[in-house]
Participant: 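Questions regarding the structure given below will be posed in turn.
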Amino acid sequence: MTAKIIDGKAIAADLRGKVADAVHRLSRDRGITPGLAVVLVGNNPASESYVASKIKMTAGSGMRSFDHRLPKETSGAELLGLIARLNADPTVHGILVQLPLPSQIDAHKIIAAVDPAKDVDGFNPVNAGRLSAGLPGLAPCTPLGCILLAKTVQPSLQGLETVVIGRSNIVGKPLAQLLLAENATVTVAHSKTRELPAVCRRADVLFAAVGRPELVRHDWVKPGATVIDVGVNRVTGAAGRPRIVGDVAFTEVAQIAGAITPVPGGAGPMTIACLLANTVRAACAIAGLREPAFGQRPSDDRE
Ligand code: GUN
């Protein structure tokens with residue numbers, strides 16, 4: 001059997017189209033143009049490349065893009081000053097501080113300083129708490145994108161066995177909360193989990209978000225399962241060429257899975273599309289308007 005390849009690029013382009021339509025309507029009917037401020041401290045090459053894509057796609061969807069580059073020696077106080085100005089700026093509806101931050105800055109303090117209403121990353125403890133309590137709020141973009149990708153294969157996740165490998169605040173933990181809100185059965189596995197391959201083999205839908213190149217092998221996957229790969233790992237390939245691989249050994253797992261995301265072209269493009277969607281939702285919420293759902297937030301009927 002060969003798995004269906006889940007085309008994250010095409011699904012993300014479709015979502016960006018819906019975002020652009022919503023931006024057009026907001027600006028035509030309400031005179032509101034959503035604005036996203038992206039803050040990059042230092043010059044980490046991976047971060048520079050992510051930020052460049054975010055800025056390009058923000059402008060491409062008709063939103064305002066505010067680009068803030070700060071030198072790597074910026075102090076926490078200086079960054080807090082910028083966050084305070086962005087919080088107070090009515091043309092800014094979303095604020096994203098690219099992580100990781102240089103070591104002299106306490107990232108937790110910065111994340112906590114972003115106005116929860118503009119926290120389009122969904123990292124502020126207020127939004128993390130709202131997500132775990134099943135209350136409306138902004139949820140992190142990568143997990144939102146993972147759920148949308150899984151739902152292209154399994155439109156209802158209700159009652160399915162799902163396994164998330166990884167427990168980060170950016171992906172694993174919020175993804176587990178979103179899956180619970182979809183009424184899935186959720187296991188969060190991590191580096192200390194015993195019998196990890198056997199735990200993964202239980203999954204109808206397996207999410208890998210650990211940052212370990214090709215960790216998930218074919219015998220970790222139940223035949224026919226859906227596999228969503230969040231990993232972006234730079235490795236040295238044949239002839240010493242740099243190559244990007246996921247957390248899943250794609251070629252061999254594609255022989256057993258029912259559906260699988262490629263890397264690149266799977267979860268990555270969805271993260272940015274969900275960031276744009278969150279910015280529109282934030283702009284609507286700030287203006288007291290009904291928020292477009294973009295298929296993102298499930299109804300919350302838990303027991
Ligand atoms: N660094 C890696 N992923 C992310 C993300 O989703 N948001 C931000 N702000 N930084 C990141």
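Remember, it's 1-based here, ligands and their atoms both numbered in the order they're listed. What's counted below: heavy atoms across the whole structure, side chains too, no hydrogens, waters or symmetry copies.
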Participant: What protein heavy atom sits nearest atom 11 (C) of ligand 1, and how far away is it?
Facilitator: Gln98 NE2, 3.5 Å

Participant: Touching ligand 1 at all, Tyr50? Heavy atoms, strictly under 4.0 Å?
Facilitator: no

Participant: Just wondering, are more than 12 heavy atoms of other shown residues or ligands nearer than 6.0 Å to NE2 in His108?
Facilitator: no

Participant: Looking at ligand 1, does any of its N/O atoms fall within less than 3.5 Å of an N/O of Asp121?
Facilitator: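 Indeed, backbone or side chain, Asp121 has an N or O that close.
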
Participant: Taking both backbone and side-chain atoms of Pro100, is any N or O found less than 3.5 Å from an N or O belonging to ligand 1?
Facilitator: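 Checking ligand 1 against Pro100, no N or O pair falls under 3.5 Å apart.
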
Participant: Run the numbers for me: atoms of ligand 1, each under 4.0 Å from some heavy atom of Leu99, listed by number.
Facilitator: 1 (N), 8 (C), 9 (N), 10 (N), 11 (C)

Participant: Phe123 versus ligand 1: do any nitrogen or oxygen atoms come within less than 3.5 Å of each other?
Facilitator: no

Participant: Tell me if the CZ atom of Arg28 is crowded by more than 12 foreign heavy atoms within 6.0 Å.
Facilitator: yes

Participant: Output the list of atoms in ligand 1 that are nearer than 4.0 Å to some heavy atom of Leu96, sorted by atom number.
Facilitator: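 In order of number, 9 (N).
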
Participant: Does the salt bridge (Lys or Arg N to Asp or Glu O under 4.0 Å) test come out yes or no for Lys222 and Glu161, once each step is laid out?
Facilitator: CA-CA 11 Å; Lys222 175 155 100 177; Glu161 285 279 351; over 6 Å; no

Participant: Quick one: CD on Glu182 to OG on Ser156, what's the gap to the nearest 0.5 Å?
Facilitator: 7.5 Å

Participant: Begin with the C-alpha distance, continue with both residues' side-chain angles, and end with the deciding distance and a verdict on salt bridge (Lys or Arg N to Asp or Glu O under 4.0 Å) for Arg25 and Asp21.
Facilitator: CA-CA 6 Å; Arg25 281 196 303 274; Asp21 288 346; 5.2 Å; no

Participant: For atom CZ of Arg69, decide whether the heavy atoms of other residues, nucleotides or ligands shown that lie under 6.0 angstrom number more than 12.
Facilitator: yes

